[in-house]
Asker: 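My structure is below; once you've seen it, I'll send some questions.
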Amino acid sequence: AKSAGRGNFQFFIAEMNEHAIERLKLESGIRRAIEAEEFLLHYQPQFDGPSRRLVGVEALLRWQHPELGMVGPDRFIPVAEDTGLIAVLGEWVLRKACEQQVRWRHARQENLQVAINISPLQLRRPDFIDKVKHIIAETGANPQFIELEITESALTQPTMELVARLNELVDTGVTLALDDFGTGYSSLAILRKLPIDRLKLDRSFVQDLPGDAEDAAIASAALSIARDLSMEVVAEGVETEAQFAYLLERGCHIMQGYLFSKPMSVEAFDESFPPGRRL
Ligand code: C2E
Ligand code: CA
Ligand code: CA
Ligand code: CA
């Protein structure tokens, strides 16, 4: 048993090294990839259920790696956060998404709301608000149609300073959404203090609807909180007609998920969703 234990331990060390090496590779890779323009944004449409209209998109970061192929954000965002590279990468995302909003406004003759994921670490940086203002001014984006998504877990115990910062952000004209809602156990008292427009019901609570009673209770709670605070709920990860119908019937209007579309490149998006396209 002892030798097997040691074997496991050595295996563990080897694994750890491999993990550390992978992180190191990713870290230097991220720096290089920004220069080499290997990052790109995919966009996933959001629909208004009752009118069946396309109302917006969420920008989702991808890494077109020369050897590894398309790498998803779950693999490199944590590394970017640990190494501080998230600041540069996040700024790149903000700029690209704002540029795309402007391009769509001209090409489509309509405004699409563009939602952008913001890392909690980005939000905490003292120069973040100035960066947002600067990028909006430089790109000519319409801030009313820019939504910043911040994960609920980053805001469960917000300091006064953080609340002030969120208010300053809203003063730039952008709107805020609470991402992964339901996973962070926010209290009503706290939500009331935050200048938030939308709650994004986390996909883990949508997945087992309508059958799962607990998830149904969380979805109803989110909808009733949103009603009380005049917020909107966006359901993410809607994959089935049954989920769609269930949420719609209960007053959840904005929907996003594979049932409608996966995130896709701008070219594919424009082909699939021309102006005026409905569900
Ligand atoms: P998220 O913000 O919760 O984004 C939703 C994720 O769910 C996306 O994964 C999306 O592709 C996926 N998804 C959408 N509809 C469905 C569905 O119907 N079923 C299932 N199973 N999945 C669905 P993705 O693109 O891999 O992004 C993962 C996470 O990475 C995001 O979760 C977000 O937290 C983070 N992320 C993505 N882009 C950025 C970025 O630009 N900046 C930052 N800081 N984080 C980002
Ligand atoms: Ca999001
Ligand atoms: Ca989520
Ligand atoms: Ca997430």
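First listed ligand is number 1; within each ligand, the first listed atom is number 1. Since we're looking at a predicted model, the values are computed, not measured.
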Asker: For atom 39 (C) of ligand 1, which of D202, L89, N117, I150 has the closest heavy atom?
Answerer: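 The option holding the nearest heavy atom is N117.
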
Asker: Using the six-membered ring wherever Trp is involved, compare the ring planes of F260 and F244 and label them parallel, tilted or perpendicular (cut-offs 30° and 60°).
Answerer: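 The arrangement is perpendicular - the two ring planes meet at more than 60°.
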
Asker: Would you mind running through ligand 1 and noting each atom that sits below 4.0 Å from a heavy atom of P263?
Answerer: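 Those qualifying, in numeric order: 11 (O).
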
Asker: Applying a strict 4.0 Å limit to heavy atoms, is K200 in contact with ligand 1?
Answerer: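 For ligand 1, residue contact (heavy atoms, under 4.0 Å) with K200 is absent.
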
Asker: N/O to N/O below 3.5 Å, does that happen between Q122 and ligand 1?
Answerer: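 In fact, backbone or side chain, Q122 has no N or O that close.
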
Asker: Quick check: closest heavy atoms across Q243 and G237, and the distance to 0.1 Å?
Answerer: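 Heavy atoms of Q243 and G237 come nearest at OE1-O, 3.9 Å.
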
Asker: Flag R62 as yes when one of its N or O atoms lies below 3.5 Å from any N or O atom of ligand 1, and as no otherwise.
Answerer: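 Between R62 and ligand 1 (N or O atoms, distance only) the closest approach is under 3.5 Å.
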
Asker: Let me check your reading of the structure: within less than 3.0 Å of the Ca ion (ligand 2), is there an N/O/S atom from D180?
Answerer: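 Of the N, O and S atoms in D180, none lies under 3.0 Å from the Ca ion (ligand 2), which means no.
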
Asker: Check the hydrophobic clustering (I, L, V, M, F, W, Y; side-chain heavy atoms under 4.5 Å; chains of links allowed) and say if L60 and I77 are grouped together.
Answerer: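 Different hydrophobic clusters.
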
Asker: Are F76 and F39 close enough that their ring centers fall under 6.0 Å?
Answerer: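 Ring centres of F39 and F76 closer than 6.0 Å.
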
Asker: Do any N/O atoms on A59 end up under 3.5 angstrom from N/O atoms on ligand 1?
Answerer: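 In this structure, A59 places no N or O atom under 3.5 Å from an N or O of ligand 1.
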
Asker: Looking at every non-hydrogen atom in both residues, tell me the closest pair between L191 and L229 and how far apart they are.
Answerer: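 Shortest heavy-atom contact: CB-CD1, 3.8 Å.
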
Asker: Going by an N to O cut-off under 4.0 Å, is there a salt bridge joining E149 and R198?
Answerer: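 Here E149 does not pair with R198 in a salt bridge, since their nearest N and O are not under 4.0 Å apart.
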
Asker: What atoms in ligand 1 come closer than 4.0 Å to a heavy atom of G257?
Answerer: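 Near G257, meaning under 4.0 Å from one of its heavy atoms, ligand 1 has 15 (N), 18 (O).
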
Asker: Can you name the nearest heavy-atom pair linking N167 to P195, along with the distance?
Answerer: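 Closest approach of N167 to P195, heavy atoms only: OD1-CG, 3.3 Å.
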
Asker: Would you mind running through ligand 1 and noting each atom that sits below 4.0 Å from a heavy atom of P73?
Answerer: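 Checking each atom against P73, I get 24 (P), 25 (O), 26 (O), 27 (O), 28 (C), 30 (O), 36 (N), 37 (C).
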
Asker: Within a distance under 4.0 Å of any heavy atom of D180, pick out the atoms of ligand 1 and give their elements.
Answerer: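 Counting atoms of ligand 1 from 1, those under 4.0 Å from D180 are 3 (O).
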
Asker: Should E149 be counted as touching ligand 1, given the test is an N or O pair under 3.5 Å?
Answerer: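 No.
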
Asker: Below a 4.0 angstrom heavy-atom separation, can you tell me which part of K262, side chain or backbone, both or neither, approaches ligand 1?
Answerer: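 It is neither part, as no heavy atom is under 4.0 Å.
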
Asker: Can you name the nearest heavy-atom pair linking L112 to Q101, along with the distance?
Answerer: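 Between these two residues, the closest heavy atoms are O-CG, 3.9 Å.
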
Asker: Within a distance under 4.0 Å of any heavy atom of S119, pick out the atoms of ligand 1 and give their elements.
Answerer: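 Listed by number with element: 44 (N).
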
Asker: Give the name of the N/O/S atom in D179 that lies closest to the Ca ion (ligand 2).
Answerer: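 Distance check against the Ca ion (ligand 2) picks out OD2 in D179.
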
Asker: Atoms of ligand 1 less than 4.0 Å from V93 heavy atoms?
Answerer: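 Near V93, meaning under 4.0 Å from one of its heavy atoms, ligand 1 has 41 (O).
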
Asker: Between ligand 1 and G237, can you find any atom pair, the residue atom being a heavy atom, that is separated by under 4.0 Å?
Answerer: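 Contact check G237 vs ligand 1: positive.
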
Asker: Of all N, O or S atoms in E149, identify the one at the shortest distance from the Ca ion (ligand 2).
Answerer: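 Result: OE1.
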
Asker: Please give me the minimum heavy-atom distance between L209 and D215, naming the atom from each residue.
Answerer: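 L209 and D215 have their closest heavy atoms at CD2-C, 3.8 Å.
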
Asker: Is the F269-W104 ring centre distance short of 6.0 angstrom?
Answerer: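 Yes, close enough.
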
Asker: Have a look at ligand 1 and work out which part of E236, if any, has a heavy atom under 4.0 Å from it: side chain, backbone, both or neither.
Answerer: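 It is the side chain that touches ligand 1; the backbone stays farther off.
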
Asker: At under 4.0 Å between heavy atoms, which part of Q44 makes contact with ligand 1: side chain, backbone, both or neither?
Answerer: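 The answer is the side chain of Q44.
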
Asker: Which of the numbered atoms in ligand 1 are under 4.0 angstrom from any heavy atom belonging to E239?
Answerer: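 Here the atoms of ligand 1 in question are 17 (C), 18 (O), 19 (N), 20 (C), 21 (N).
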
Asker: Under a 4.0 Å threshold between the charged nitrogen and the carboxylate oxygen, would K200 count as salt-bridged to E58?
Answerer: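 Counted as a salt bridge, because a side-chain N and a carboxylate O are separated by less than 4.0 Å.
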
Asker: Do any of the N/O/S atoms of E236, backbone or side chain, fall under 3.0 Å from the Ca ion (ligand 2)?
Answerer: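 Given the 3.0 Å cut-off, E236 does not count as a ligand of the Ca ion (ligand 2).
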
Asker: Taking all non-hydrogen atoms of both residues into account, name the closest pair between L194 and P158 and its distance.
Answerer: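 Taking L194 first and P158 second, the nearest heavy atoms are CD2-CG, 4.1 Å.
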
Asker: In a check of side chain to side chain contact (heavy atoms under 4.5 Å, CB included) between V206 and each of V238, D212, I218, which one passes?
Answerer: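 It is V238; the other options fail the test.
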
Asker: Just how far is it from atom CD of E236 to atom OG of S204, taken to the nearest 0.5 Å?
Answerer: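 Between atom CD of E236 and atom OG of S204 there are 8.0 Å.
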
Asker: Would you give the angle at the Ca ion (ligand 2) between E58 atom OE2 and N117 atom OD1, to the nearest 10°?
Answerer: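 Centred on the Ca ion (ligand 2), the OE2/OD1 angle is 90° (to 10°).
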
Asker: Out of all atoms in ligand 1, which are within 4.0 Å of some heavy atom of I77? Include the element for each.
Answerer: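 The atoms of ligand 1 under 4.0 Å from a heavy atom of I77 are 42 (N), 43 (C), 45 (N), 46 (C).
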
